[in-house]
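Encoded as structure tokens, the structure appears first; notes follow it.
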Amino acid sequence: MTDKAKFWNRTAAKYALQPIANEAAYQHKVQITASYLQPSMRVLELGCGTGSTALLHAPRVASILATDVSSKMLAIAQQKAAQAQVQNIEFRCAAVEDLILPPASFEVVMAHSLLHLLEDKEAVLAKAYDTLTSGGYLITSTPCLADWLNWFRYIAPLGQALGLLPLVRFFGQAELLKSIEQAGFVLQYQWQPENDPRAAVFMVARKC
């Protein structure tokens, strides 16, 4: 088991009990995402956590493959799916870097609160691009920590060494957008709650 998996397994139960920090912003992202979804679509969610977002969108699409590195996060997600009688989500335990998926096998890839936790976000964006069909959508919500918490980059390695923090990467909105565009995507929509630089940046980008 990797250190990343161990960290998220330790925090899974506590994570599942945490309320959404900004419910209005979350619902806005859900609504925007829903506007891109169609009943025939196959969706891949990378880093699905306890499955809340996948469960919300499942009735709108044909199927969802929801992946996460944490088996305990997925156990909670599976329990929630069973209770809601949602049957079109397949949960798979795997690090996003290790996923092997056929090219052009999904119409939508979602990656929420994930890209800043990756060693190499560019490699994962390239994988998402290859996995999408032509015209498919990448939908992300990403904390851009360099825009408001850049000083913490000097403290974070200590927290990681002590097992108190996961790997965290510091980049701003401009760098994130550049990475997405360099992967071959075209930005369709970008949003962040007004007057809240700490809020995650929500982006929808299209594979052309």
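The shortest distance between side-chain heavy atoms of Val69 and Trp8 falls below 4.5 Å. For the pair Pro166/Val168, a side-chain contact is recorded, criterion being any heavy-atom separation below 4.5 Å from C-beta on. Using a 4.5 Å heavy-atom threshold, the side chains of Ile32 and Phe202 count as touching. Side-chain contact between Leu167 and Leu117 is absent, with no heavy-atom pair separated by less than 4.5 Å. At a threshold of 4.5 Å between non-hydrogen side-chain atoms, the residues Tyr36 and Val204 count as touching. Looking only at side-chain heavy atoms (C-beta outward), Thr142 and Leu114 stay at 4.5 Å or farther from each other. Between Leu115 and Leu125, some side-chain heavy-atom pair lies under the 4.5 Å cut-off. Using a 4.5 Å cut-off on side-chain heavy atoms (C-beta onward), Val109 and Ile139 make no contact.
Pairing each heavy atom of Leu176 with each of Cys144, the nearest pair is CD2-SG, 3.8 Å. Between Ala54 and Ala66 the shortest heavy-atom distance is CB-CB, 4.4 Å. Across Ala200 and Gln192, no two heavy atoms sit closer than the pair O-CG, 4.0 Å. The heavy-atom pair separating Leu138 from Leu132 by the smallest distance is N-CD1, 4.1 Å. Nearest heavy-atom pair, Pro193 versus Ala199, reported as atom, atom and distance to 0.1 Å: CD-CB, 3.6 Å.
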With side-chain contact (heavy atoms from CB on, under 4.5 Å) as the criterion, how do Leu101 and Arg92 come out once you've worked through the C-alpha distance, each side chain's angles and the decisive distance to 0.1 Å? CA-CA 12 Å; Leu101 299 164; Arg92 186 180 300 178; 3.8 Å; yes
Chi angles and distances behind the salt bridge (Lys or Arg N to Asp or Glu O under 4.0 Å) call for Lys178, Glu122: CA-CA 10 Å; Lys178 182 179 179 180; Glu122 283 73 23; over 6 Å; no
Please lay out, stage by stage, how Leu55 and Ile89 fare under the test side-chain contact (heavy atoms from CB on, under 4.5 Å). CA-CA 8 Å; Leu55 286 165; Ile89 302 178; 3.8 Å; yes
Audit row: Lys121, Glu175, side-chain contact (heavy atoms from CB on, under 4.5 Å) steps and yes/no: CA-CA 11 Å; Lys121 69 179 184 299; Glu175 180 182 339; 3.0 Å; yes
Salt bridge (Lys or Arg N to Asp or Glu O under 4.0 Å), that's the test. Do Lys127 and Glu97 meet it? Break it down for me. CA-CA 9 Å; Lys127 178 177 290 190; Glu97 297 88 351; over 6 Å; no
Test side-chain contact (heavy atoms from CB on, under 4.5 Å) applied to Met203 and Gln188, step by step: CA-CA 8 Å; Met203 294 183 179; Gln188 303 289 293; over 6 Å; no
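When hydrophobic clusters are built by joining Ile, Leu, Val, Met, Phe, Trp and Tyr residues whose side-chain heavy atoms come closer than 4.5 Å, directly or via intermediates, Tyr137 is not grouped with Val201. Taking hydrophobic clusters as Ile, Leu, Val, Met, Phe, Trp and Tyr residues chained together by side-chain heavy-atom distances below 4.5 Å, Ile155 shares a cluster with Leu149. Follow the hydrophobic side-chain contacts under 4.5 Å out from Val96 and you reach Phe106 in the same cluster. Hydrophobic clustering keeps Leu56 apart from Leu65 (ILVMFWY residues linked when any side-chain heavy atoms are closer than 4.5 Å, directly or through intermediates).
Note that the OG atom of Ser71 and the CD1 atom of Ile76 stand 10.0 Å from one another [nearest 0.5 Å]. Here the CZ-CD1 distance, from Phe91 to Ile64, works out to 8.5 Å after rounding to the nearest 0.5 Å. Remark: Leu118 CG to Asp120 CG distance equals 8.0 Å, nearest 0.5 Å. Here the straight-line distance linking atom CG of Asn22 with atom CG of Asp196 works out to 7.0 Å at 0.5 Å rounding. The distance from atom CD of Gln78 to atom CD of Glu90, rounded to the nearest 0.5 Å, is 10.0 Å. Between the CG atom of Leu145 and the CZ atom of Arg153 there is a distance of 9.0 Å, given to the nearest 0.5 Å.
The backbone N or O of Phe7 sits less than 3.5 Å from a side-chain atom of Thr11, completing a donor-acceptor pair. In this structure, the side chain of Asn150 does not engage the main chain of Phe170 through any donor-acceptor pair within 3.5 Å. Under a 3.5 Å cut-off, the side chain of Lys80 and the backbone N or O of Thr50 do form a donor-acceptor pair. In this structure, the side chain of Thr131 does not engage the main chain of Pro102 through any donor-acceptor pair within 3.5 Å. Judged purely by atom type and a 3.5 angstrom limit, Asp68 has no side-chain atom pairing as donor or acceptor with the backbone of Cys93. Side-chain atoms of His112 come within 3.5 Å of backbone atoms of Ser141 as a donor-acceptor pair (strictly under, hydrogens ignored).
Checked by atom type, the side-chain pair Lys207/Ser134 shows no donor-acceptor distance below 3.5 Å. Side-chain contact check for Gln27 and Glu23: at least one donor-acceptor pair (N or O, by modelled atom type) lies under 3.5 Å. Residues Asn88 and Ser63 bring no donor and acceptor atom of their side chains to less than 3.5 Å of each other. Tyr26 and Thr53 share a side-chain donor-acceptor pair at under 3.5 Å. Looking at Glu107 and Gln38, their side chains never bring a donor and an acceptor atom within 3.5 Å of each other.
Using cut-offs of 30° and 60° on the angle between ring planes, the pair Phe185 and Tyr129 is perpendicular. Classified by interplanar angle (parallel below 30°, tilted 30° to 60°, perpendicular above 60°), the ring pair Tyr189/His28 is tilted.
When the options Arg60, Met110, His57 are evaluated for a side-chain contact (heavy atoms from CB on, under 4.5 Å) with Val43, the one that passes is Met110.
Residue Arg198 qualifies as open at atom CZ: its count of foreign heavy atoms under 6.0 Å is 12 or below. Residue Lys29 qualifies as enclosed at atom NZ: its count of foreign heavy atoms under 6.0 Å is above 12. Within 6.0 Å of atom CD in Gln87, 12 or fewer heavy atoms from other residues, nucleotides or ligands are found, so the atom counts as exposed in its surroundings.
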